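Below is one structure, written out as structure tokens, with a few remarks after it.
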Amino acid sequence: MQLQALAAALIHWLTFQQPVAGNKLHQQHVTLHAADAIEDELIQSDKAVVAEIVDDMDMDDLLAQWKEQQVELERTATSQETMEVKEDFAGAESVLPNTWAVIGPFAAAEMGVDPLRAFGGINNIVARAPQGFWETLRVRSKIFQEAQSMHMSIHQALGLIRSRLNNSQVFAFPANATDGIAEFPTERGPAGRSIWGVSYTAKRRWTYVNFKLFANQSGVATDTFDPRTGSGSGWAVGEIHLQNATAVLAQCSMAFYVGSSSTSYFADIYKEHRAIHVLHLPAGRTRLFVNTREPGFRCLMLKDSAAARQAVTGLPDETEGRSPFITLSDYTISSVVESKMVSPHLGIPVINAHHESLHLQRAEIRDGPANLRLEVDADGPEIQPSQAMILRLKLSHEGDINCTADHTAKQKVLNFTVALFPGCVGCSPS
């Protein structure tokens with residue numbers, strides 16, 4: 001991991017500024033928000049598309065209005081295309097489902113809590129679903145994927161689904177597809193009952209949820225909803241399909257479950273690249289359950305690679321995805337005052353992407369001051385598969401630490417690289 005001032009990497013970096021009077025150097029923390037600004041702009045653009053769903057429930061009018069609105073949306077095409085290239089991450093492969101079954105609305109509960117636990121839980125409920133339930137998702141997913149391969153907009157993709165199925169109810173399940181799992185009591189649903197709907201992932205990351213739309217498409221009168229239904233929550237269920245066993249990097253704005261496990265994975269609520277999960281998934285189909293609420297959720301599900309690691313951490317991966325250690329940005333390092341480090345402690349957070357537990361065998365300083373030394377805690381604990389941990393290191397130096405002026409010549413920075421060597425045969429350092 002390289003501890004240096006790299007604006008393009010969008011990392012936190014350490015700078016030291018020489019005051020006008022005195023010899024002491026101050027530590028300043030700088031955070032770049034350019035990526036978030038671009039993302040927020042795109043989220044608003046995506047919401048503009050979804051707003052048409054909310055405002056008009058008639059499918060013919062919906063598609064017509066989307067077509068007209070496409071002219072407006074294409075005004076931001078340059079920024080969208082730029083972001084979508086980044087979302088492709090120069091080769092990172094997404095395995096996120098593009099089509100979802102959504103059930104709700106329920107009263108918004110604590111994130112990760114299953115509102116259907118009293119009825120066996122969402123895992124057991126969908127396990128009882130008839131074959132038509134899964135066929136509905138798979139058929140629509142295949143058409144939607146075909147539309148994406150032809151670079152269609154979302155309204156064009158929905159129109160293609162409608163045309164292929166000869167059915168205007170693209171957001172609803174056909175009759176009998178939810179037999180046996182159709183309704184559960186909820187104070188937020190129409191006439192006190194839950195409903196199922198079908199949703200799609202826009203821009204390959206955002207999935208929007210609107211229960212009134214699902215009800216309207218299913219022929220349920222929306223005036224039977226509780227007035228508070230705008231804050232309804234529920235479950236979005238999708239399928240990840242893999243040809244081979246794969247390590248997947250996951251990051252979602254809402255808590256989620258994977259497969260038959262009841263383990264709840266934390267949400268990346270604040271978009272700070274902290275709630276990053278490594279999923280070791282088998283070949284075949286794996287069900288994904290996102291504990292969503294209106295208006296929807298954002299997820300990244302990427303096959304592990306250098307590009308995927310940069311996408312979820314915000315840091316470039318200099319190992320080309322080969323190291324089992326994925327480094328995070330929240331490292332801790334001492335200030336430099338009067339050419340001395342105030343504290344010897346250095347903390348580097350990592351995630352173990354390996355399928356086995358690992359420990360830090362050794363660490364080296366590269367491209368740094370010749371008098372800077374690094375020690376590893378020999379008694380450090382093992383890092384379990386998919387676990388995040390802060391590696392505890394100690395810095396020492398003989399003589400003064402010389403910081404170098406940055407490009408502005410007004411600040412001084414301490415640049416050095418730390419190579420982390422995991423304790424596994426044939427593993428690359430991080």
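All values derive from a computational prediction rather than experimental measurement.
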Basic-acidic side-chain contact under 4.0 Å: [X], [Y]:
X    : Y    : value
E364 : R362 : yes
R322 : E320 : yes
R373 : E398 : no

T286 to G259 - nearest heavy-atom pair and separation
CG2-N, 4.0 Å

side-chain contact (heavy atoms from CB on, under 4.5 Å) partner of T99, chosen from T201, I143, V198, I161:
V198

Among V350, V278, D317, which one satisfies side-chain contact (heavy atoms from CB on, under 4.5 Å) with I326?
V278

Using the ring of each side chain (for Trp, its six-membered ring), is [X] parallel, tilted or perpendicular to [Y], with breaks at 30° and 60°?
X    : Y    : result
F173 : F133 : parallel
F144 : Y200 : parallel
F256 : Y265 : parallel
W206 : Y208 : parallel

Checking F214 against V102 for the side-chain contact (heavy atoms from CB on, under 4.5 Å) test, could you report, in this order, the C-alpha distance in whole Å, the side-chain angles of both residues, the deciding distance, and whether it holds?
CA-CA 9 Å; F214 300 154; V102 184; 3.8 Å; yes

What I'd like to find out is whether the side chain of [X] reaches to under 4.5 Å of the side chain of [Y], using heavy atoms alone.
X    : Y    : answer
H345 : L395 : no
V418 : R366 : no
I383 : P422 : no

Partner of W235 by side-chain hydrogen bond (donor to acceptor under 3.5 Å, both in side chains), out of N291, D114, T292
D114

May I have the step-by-step check of side-chain contact (heavy atoms from CB on, under 4.5 Å) for T313 and I351, ending in yes or no?
CA-CA 10 Å; T313 66; I351 299 175; 6.0 Å; no

Intermediate values then yes/no, side-chain contact (heavy atoms from CB on, under 4.5 Å), R164 and E146
CA-CA 12 Å; R164 292 282 180 85; E146 180 183 345; 2.8 Å; yes

Just by modelled atom types, is the V342 backbone N or O under 3.5 Å from a matching donor or acceptor in the S334 side chain?
yes

Please step through side-chain hydrogen bond (donor to acceptor under 3.5 Å, both in side chains) for the pair Q156 and S153, ending with a clear verdict.
CA-CA 5 Å; Q156 291 171 328; S153 63; 3.3 Å; yes

Value rounded to 0.5 Å, distance of [atom1] in [X] from [atom2] in [Y]:
X    : Y    : atom1 : atom2 : result
K303 : L281 : NZ    : CG    : 10.5 Å
S218 : F211 : OG    : CZ    : 11.5 Å
L414 : S339 : CG    : OG    : 10.5 Å
M389 : L358 : CE    : CG    : 11.0 Å
T327 : L420 : OG1   : CG    : 7.5 Å
M301 : L279 : CE    : CG    : 6.0 Å

Using side-chain contact (heavy atoms from CB on, under 4.5 Å), reason through M254 and R293 one step at a time and then give a plain yes or no.
CA-CA 9 Å; M254 307 296 290; R293 62 186 65 186; 3.5 Å; yes

